[in-house]
Amino acid sequence: MTTPVPAIGQPLDRFDGAEKVRGLAPYAFEHPVEHPVYLFAVQSTIAVGRITAIDCSQASARPGVLAVLTHQNAPRLSTDNGELRTLQSDEVTFRGQIVGGVIAETSEIARDAAGLVRMDYEERPHNVDLRGEVPGHRERLKVPDEVLPIFPMDTSEGDVDAALASAAVRVDSRYSTPWYTHNALEPHTTIACWTGDGFTLRLSTQGVTGIQAAVAGAFRLDPSRVRVISPHVGGAFGSKVYPRADVVLAAMAARLVPGRPVKFALTRQQTFSQTGYRPPTFQRVRLGAGSDGRLVAIEHNAIEQTSKIRQFAEHSTRATPSMYAAPNRRTQQWVAELDVPTPTIMRAPGEASGMFALESAMDELAIACDLDPIELRIRNEPQVHPHFQLPFSSRNLVACLQEGARRFGWEPRDPTPRARRDGGWLIGTGVAAATYPVLRLPGSKATIRVGPDGRYLVLIAAVDIGTGTRTALTQVAADALQVDIEQVDLRLGDSTYPPAAEEGASAGITSWGAAIHEAADQLRQRLTTEHGGTVPADGLEVTADTPDNPYLKQYAMHSFGAQFAEVRVNERTGEIRVPRQLGVFACGRIVNPKTARSQLLGGMTWGLSMALHEQSVLDLRFGHVVNHDLAQYHISSNADVGAIEVHWIEEDDPYVNPMRTKGVGEIGIVGAAAAIANAVYHATGVRIRDLPITLDKLLPGDRPGSEVGG
Amino acid sequence: MRTFRYERSSSVSGAVALLAEAPHGAFLGGGTNLVDLMKLGVAQPDLLVDVRRLVSDRVEELPGGGVRIGAGTPNSECAAHPLVRQRYPMVSQALLSGASGQLRNLATTAGNLLQRTRCPYFQDITTACNKREPGTGCSAIEGHHRDLAILGTSPECVATHPSDLAVALAALDATVRTHGPGGERVISMTELHRLPGPEPQRDTVLQHGELITAIDLPPAPFATRSHFRKVRDRASYAFALVAVAAAIDLADGVVRDVRIALGGVAHKPWRAYRAEELLRGGPADEERFRQAAEAELADARPMPGNAFKVPLARNTLVATLLDLAGGPR
Ligand SMILES: Cc1cc2nc3c(=O)[nH]c(=O)nc-3n(C[C@H](O)[C@H](O)[C@H](O)COP(=O)(O)OP(=O)(O)OC[C@H]3O[C@@H](n4cnc5c(N)ncnc54)[C@H](O)[C@@H]3O)c2cc1C
Ligand code: SF4
C-alpha cells in the first residue's frame, strides 16, 4: 500500500463552494417543501410590563390566516431556560420580545396580519442604560457565573494597588465598546414540521444536537422524536449557537398545523432583538511599569450587561492574565441585569472587546515609556503562563510581532504623532497583540464506517456555518485513516448522526476532529488486529468520543498573533481610511490554508468594522436598537477594506490535540481594532478609547457648536 | 404587506387619471424605496401605477446647451451618460456616490428625488413620527438624530432629505417638469422640496398624482468645473452626513460665479445662496471660503447628537472650494 499524500495542509477548495456560488446549495428556508404555511412574529412594543388584553379578531378575520398564537393559547412548555419560555406568560421583559405569531397561507398575509394583532399593556419603568450602571451603582452589579470553568471570572495576584502606587510609569484609562449585532447574511430561519409524534426542523444553526435537546426538552419529547437538519448555514458568528425564541415559536406553530411545514424567517430588523448580540462594555485598565517598560502591575476590569431572563456574560478580561508577565495582577468582571434582550456569543467573545482595551493601554504605556510598542511587548513576555504558572504548549507572540514588523515595514517609525502626511491626510501606523485560548468542547462522537469497496463514511452531527468545516474535517479524517481523501465521504448537519458539540470557540476542529481522529485510530487498529488488514465483507464501523487531553493540566494552550494597521485621517473632515492591515498568527498546524486564510481575513475585516463602523444604537426611552437594518447598522463596505495580508508562523504543537491544530475562527478579530486605534493616535495625536472611531471624534479644531448661535 | 392593485397605463394622462381616482395610490419607479417602505408598513398604497416604461428613460441634449434627463432614466445610466459627465460632472459624481451598483441600476431619476427620509423613527411604525403620522410627535429630536438636519428644522421635524442627486440638481438651477391632474408645469429644483414647518408630512410641493416626466438642466458652461463631495460614516454605501455640490467660475484668482448646495443638512437640498453671494467677486482663497461657509451656517440649529455637522459642513465646503480653485486642500 502506498502512503497517500497528506490531506492536511492542502489548500483545497470547499467541497460545497461551487454549489453555493451557483445557488444550488439549499439553505434552511430554501429547502423545497410541499404545501407550506408561513409564520410571522408579533413583538412587544414596550420594554417591561404585562399584556392586559389581546384582540386577534382583525388578524384572524384576514383571509388566508390559519391561526394566531399568543400566550393565551400556546402550548405549555417544560423548560427553565428563560430564553425558551416563549409565550408562556403575559410578562414582557424587553422591547421586541416575541408575544405572538401569525400563521398564514403566504408570508405577506402573515406579516400583514401580525400587524393587526392588538395588544394592550400595563407598562412598568424600564432600565436599559448600562452607562447609568457604571458610576456609583456597583451594588447592583453582579460577578457573573463562569463561562469556561478553567478561566475564573476574577483573578488576583500580589498587591496591585501598592505596585501601582510605586510604579515609575502609570497608565489608567477607561475604554468602551458598543453593542454589536452579528448580522449573518442568512437571518435565522426555520422550516418546522410536526409529523404526528415529533418534529422535523430544518434550520440555520451552529449546533443540531443542542437544538434537538432543547426542543425535545421543552415539548417533553424523547430526543429521537426531534430531527434537526442543517446542512448549510449562511453565517452565524455565535448568534446561532444557543436555541432562542424563534425556534420555539416555529415549533409551536408546527404543532397547530400538523403535516404542514411552517416556514419562518426573521426579518433583518427582527434579528436585532431576537438573535443576541455582543454586550457593550465599559472597561478600565491600569498599568504600572518601571521606566524600562517592565510591567509591575496589570489591572483590568469590565462591566457589561445581560438580560433579566438568562445570564450571559462575555468574559472580556479573560485574555489579560495570559498576556504579560507582571507580578501583580487583578482582573474583575461584572454584569448588570437590564431590561434588554439576552446577549450571546459573538466571534472571540471576550477577547475581541477586552483586547481592544488592554492593547490600547499597552500602546499608551509604550508612549509613556518612550519605547517602541513592539519592544515593550517583548520586554514583558512571560516565561510561563502568568496565572496558571504552567509552561505554554507553544507561544509565538514575539515571533508574530517580529515577523509582522518585518513584513509590514514597521521600521523606521517616528513615534511622534502627526509626523507623516500626504496631501490633506495624516498617516499613522499601529500594532497590537492577539490571543485566543485553545478550547475543546465536550460531548462529541464520530462514527466511521468502512465498506469492502474501501470507501469510508464519516458521520458526525457537526455543522458547517460557511467556514469550510466539511472540507477541513474530511482532510482530518483522511489523514487519521491514512487514506486518500477521495476515499472519504463525510456527512454532517443532521441530528441523526452521532451527537456533536456546537460550532464555536474555534474548537470545531479540536473537538470534532479529535473524535474523528479517535474513531479512525480505533478503526485502523481493529482492521489490523481483528481482520488482518482486510475490510470484512459486511464492512466495519466504529464510534468514538472526543478523548480527554492528557496534557491539559500540564500546559497552557493558546494561539497568539500580531496585528498591524496603517491609517489615513483627513485633516479637515476626520474621515478615516485604512489602506493596509497585516496579521501574523501562530495557531498551530493549519489544516486547510485556503479556508484558514479566509477565516483570519474575515476576522481582521470584522476588526476593521469594529474599529470604525459597527454599533447598535439603543434608544434609552424605548429600549430598542434604532438602526436595525444594514443601511443604518454600518459594517465595513468593500471600499473601506484596503489591502489585508494574512500570514502565519509554522507551529508544531504536540500537546493541543492529535491534529496539532489550535483553531483559527476567532483570533483574526482580536487586537485588530486596537491596532487601528493605535494607528489613529499615531496619525492624529488623538486617543480614541470609545469605539467606533467615527469622524466626529477626530474633527479638527473648534469643538462642535462653538460657532453656532443656538 | 397590504394587498394592492398594480396598473400600467399606455399614456401619461392615463396614469395621472388612475391616481387622481385613488387617493391612497402611488406611482412606482424602481421601487427600491417605495417597496421597502411598504414592507415596513410605512407606506400602504392600495394602487401602484408603474411608470417606468411610461416616462422617458433617456438623457437628451436640449437646444441651447442644456440637457434633459427623462424621469425614468436609471441612476446608473444617467451617471454614465457622456453629456452628463462632460457638462455636469457633479451630477454624475452625486449619483455614483449614492446607494450601490445594484440599486442604481434599478432606481429612477424621479424616484431618487422623491425618496423618503431615512430618519430611523420614520421607518419604524412602532415609534411616533409627525412625518408618518401627523400630530403624533417627533421621536428624533430627543432621540437618535446623528444623521438629521441642522438647518431649516421645525419643532415638528428635523429630518433630512437623503437624495444626493437632488443636491447637485439644486446647485445647478435644474427644473422639474411635471404632469398632474391640473395639467403640466415646471418647478424649480430648489422649490421642489419643502422645509418641514408644521407640515412635515409634505416632502415636496407636488400634488397627489402629479407625475414627474423629466428634469431639465440649463446650460452652465462653468459647471464643467464642478465637484460633488460626500462625507459619510463609511467609504461607500452610506447616506451623507454632509455633502457639498459646488461649481465655480474663476478668473485671475477671483470668483466670477459660483453655485453651491449642501446635502445631509436639511429637509431639502440646501442651496447656499448666502455663501454664493459672499463669494461672488471675491478672492478664491481659504479665508474667504471659510467666511462664506460660516455665513451660510450661521443659522444652524444643531441638536446634541449632530452638532458635529456644523464644523463638518464648514470644513467640507472649504475643502471642496479649495479643490475646485486648484489650491492646497
Ligand atoms: C440601502 C440603500 C442605500 C441608499 N443610499 C443612497 C444614497 O447614498 N444616496 C441617495 O441619493 N440615494 C440612496 N438610496 C436611495 C436610492 O437612490 C433610492 O431608493 C432610489 O433612487 C429611489 O428610486 P426608485 O426609482 O426605486 O423609486 P421608487 O421607490 O419607485 O419611488 C420613490 C418615490 O417616488 C415616487 N415616484 C417614482 N417615480 C415617480 C415619478 N415619475 N413621478 C412622481 N413620483 C414618482 C414613488 O411614488 C415613491 O413615492 C439608497 C437606497 C438604499 C435602499
Ligand atoms: S425627524 Fe421628522 S421624520 Fe424623524 S421622527 Fe421626527 S417627524 Fe418623523
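Here is how names work: the chains are called A, B, and so on, in the same order as the sequence lines, proteins then strands, and each is numbered from 1. Only this structure's heavy atoms are used, side chains among them; waters, hydrogens and symmetry mates stay out.
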Measuring heavy-atom distances to chain B, does [X] have an atom under 4.5 Å in its side chain, in its backbone, in both, or in neither?
| X | value |
| --- | --- |
| A:Leu116 | side chain |
| A:Asp629 | side chain |
| A:Asp640 | both |
| A:Gln43 | neither |
| A:His613 | side chain |
| A:Thr573 | both |
| A:Ile576 | neither |
| A:Val626 | both |

note = So, the part of B:Arg232 with a heavy atom under 4.5 Å from chain A: the answer is backbone
inquiry  = Checking A:Arg62 against A:Asp112 for the salt bridge (Lys or Arg N to Asp or Glu O under 4.0 Å) test, could you report, in this order, the C-alpha distance in whole Å, the side-chain angles of both residues, the deciding distance, and whether it holds?
reply    = CA-CA 9 Å; A:Arg62 173 86 163 76; A:Asp112 181 30; 2.8 Å; yes
task = Using the six-membered ring wherever Trp is involved, compare the ring planes of A:Trp179 and A:Tyr277 and label them parallel, tilted or perpendicular (cut-offs 30° and 60°).
result = parallel
ask   = Stepwise, does the side chain to side chain contact (heavy atoms under 4.5 Å, CB included) test hold for A:Val567 with A:Ile676?
value = CA-CA 7 Å; A:Val567 309; A:Ile676 290 167; 4.1 Å; yes
task = Kindly determine whether B:Glu294 and B:Arg314 satisfy side chain to side chain contact (heavy atoms under 4.5 Å, CB included), including the steps that lead there.
result = CA-CA 6 Å; B:Glu294 274 168 5; B:Arg314 181 198 61 212; 3.3 Å; yes
Is it true that [X] and [Y] have a side-chain N and a carboxylate O under 4.0 angstrom from each other?
| X | Y | value |
| --- | --- | --- |
| A:Arg621 | B:Glu142 | no |
| B:Lys230 | B:Asp164 | yes |
| A:Asp339 | A:Arg95 | no |
| A:Asp690 | A:Lys697 | no |

inquiry  = Please rank A:Asp619, A:Leu620, A:Leu630 by heavy-atom pairs under 4.5 Å with chain B and give me the top one.
reply    = A:Asp619
message = For chain B, which candidate among A:Leu618, A:Ile635, A:Val641 shows the most heavy-atom pairs at distances under 4.5 Å?
response = A:Ile635
Among the listed options [options], the residue most often paired with chain A at heavy-atom distances under 4.5 Å:
| options | value |
| --- | --- |
| B:Asp124, B:Ile125, B:Val242 | B:Asp124 |
| B:Asn306, B:Asp233, B:Leu241 | B:Asp233 |
| B:Pro304, B:Ala238, B:Ser139 | B:Ser139 |

ask   = Could you walk me through whether B:Leu148 and B:Cys119 pass the side chain to side chain contact (heavy atoms under 4.5 Å, CB included) check?
value = CA-CA 7 Å; B:Leu148 303 188; B:Cys119 171; 3.9 Å; yes
